[in-house]
Amino acid sequence: GGDHPFGIAFSPDGARLAVGHNGTSKVDVLDARTLAPLKAPDPGGASYGSLNTVAWAADGSLLAGGSYEAAGVSPVLAWAAGGRGPRRTLPAGTGTVVGLRPLPGGDLLVAAADPWLGRLAPDGRPRWARPPPLADLRGQRGTLAVSADGRLVDFGYDARGAAPARFDLARLAGLT
């Protein structure tokens, strides 16, 4: 499927092996005993980026993520019936999906490089998500400031200066 195999995962029954690749949005499905190619899932327009992180859900759905982007996010793609069924798009962060871990009960733990961490219910709805601990500097014309000596920086963690903070560059520490 690609020049650079990256991620592999056995199906829950051990009969199939999924292989994700760097540099392509194709995911291969192989017979785990013979390594013969089986029907690969249709990426459905996922032609840019990689689907290099793969996993299998307990229900046999095939999951894949990576640097593939759609509308500014890097979703997880899920195919029913081990990659032979319809494709669903599950939420994730905006950065590359670096980890997929099916959990007991059908939930899915997703890690992205934003950093972003989320737990998705079996239907794909987020149970919880931890967005990246980054400042949103939009609309901070009156908040964003630097002291005359360049040592202190004032900003808000949230848009328009909400959640104000001060950072001391000499100490590399936040101030209260």
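Contact annotation: the side chain of Pro164 never approaches that of Asp154 to less than 4.5 Å [non-hydrogen atoms, C-beta and beyond]. Counting heavy atoms from C-beta on, the side chains of Val110 and Leu90 never come closer than 4.5 Å.
Evaluation of the salt bridge (charged side-chain N to carboxylate O under 4.0 Å, His left out) rule for Arg84 yields no partner, not counting sequence neighbours.
In plain terms, the two heavy atoms of Ala64 and Val27 that are nearest each other are CB-CG2, 3.9 Å. Minimum heavy-atom separation, Trp56 to Leu17: CZ2-C, 4.4 Å. Contact record, Trp128 with Leu109: CH2-CD1, 4.1 Å, taken as the closest heavy-atom pair. Counting all heavy atoms, side chain and backbone alike, Gln140 lies closest to Gly161 at CG-N, 3.5 Å. The minimum heavy-atom distance between Ala92 and Pro75, with the atom names listed, is CB-CA, 4.3 Å. Between Asp123 and Arg88, the shortest heavy-atom distance links the atoms O-NH1, 3.3 Å.
Between the Ser50 side chain and the Gly23 main chain, a donor and an acceptor come within less than 3.5 Å of each other. Between the Glu69 side chain and the Thr94 main chain, no donor and acceptor come within less than 3.5 Å of each other. At least one donor-acceptor pair closer than 3.5 Å links the side chain of Ser74 to the backbone N or O of Tyr68. Between the Ser61 side chain and the Ala78 main chain, no donor and acceptor come within less than 3.5 Å of each other. Under a 3.5 Å cut-off, the side chain of Asp114 and the backbone N or O of Gly95 do form a donor-acceptor pair.
Under the 4.5 Å side-chain contact rule for hydrophobic residues, Val146 and Leu144 share a cluster. The cluster map of Ile, Leu, Val, Met, Phe, Trp and Tyr, joined by side-chain heavy atoms under 4.5 Å apart, puts Leu100 and Leu77 in different clusters. Taking hydrophobic clusters as Ile, Leu, Val, Met, Phe, Trp and Tyr residues chained together by side-chain heavy-atom distances below 4.5 Å, Val76 does not share a cluster with Trp79. The cluster map of Ile, Leu, Val, Met, Phe, Trp and Tyr, joined by side-chain heavy atoms under 4.5 Å apart, puts Leu117 and Val98 in different clusters. Hydrophobic cluster membership differs between Leu63 and Ile8, with clusters built from Ile, Leu, Val, Met, Phe, Trp and Tyr side chains linked at under 4.5 angstrom.
Taking CG of Asn22 as the reference point, atom OG1 of Thr53 lies at 8.5 Å (rounded to 0.5 Å). Between Thr143 atom OG1 and Asp158 atom CG the span is 11.0 Å, to the nearest 0.5 Å. To the nearest 0.5 Å, atom CZ of residue Arg125 and atom CG of residue Asp107 are 10.5 Å apart. Note that CZ of Arg166 is 5.5 Å distant from CG of Leu152, once rounded to the nearest 0.5 Å. Note: Arg16 CZ to Leu30 CG = 11.5 Å, rounded to the nearest 0.5 Å.
The pair Asp28-Lys26 counts as a salt bridge, with a side-chain nitrogen and a carboxylate oxygen less than 4.0 angstrom apart.
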message = Evaluate Val54 against Phe6 for side-chain contact (heavy atoms from CB on, under 4.5 Å), listing each step before the verdict.
response = CA-CA 9 Å; Val54 293; Phe6 183 84; over 6 Å; no
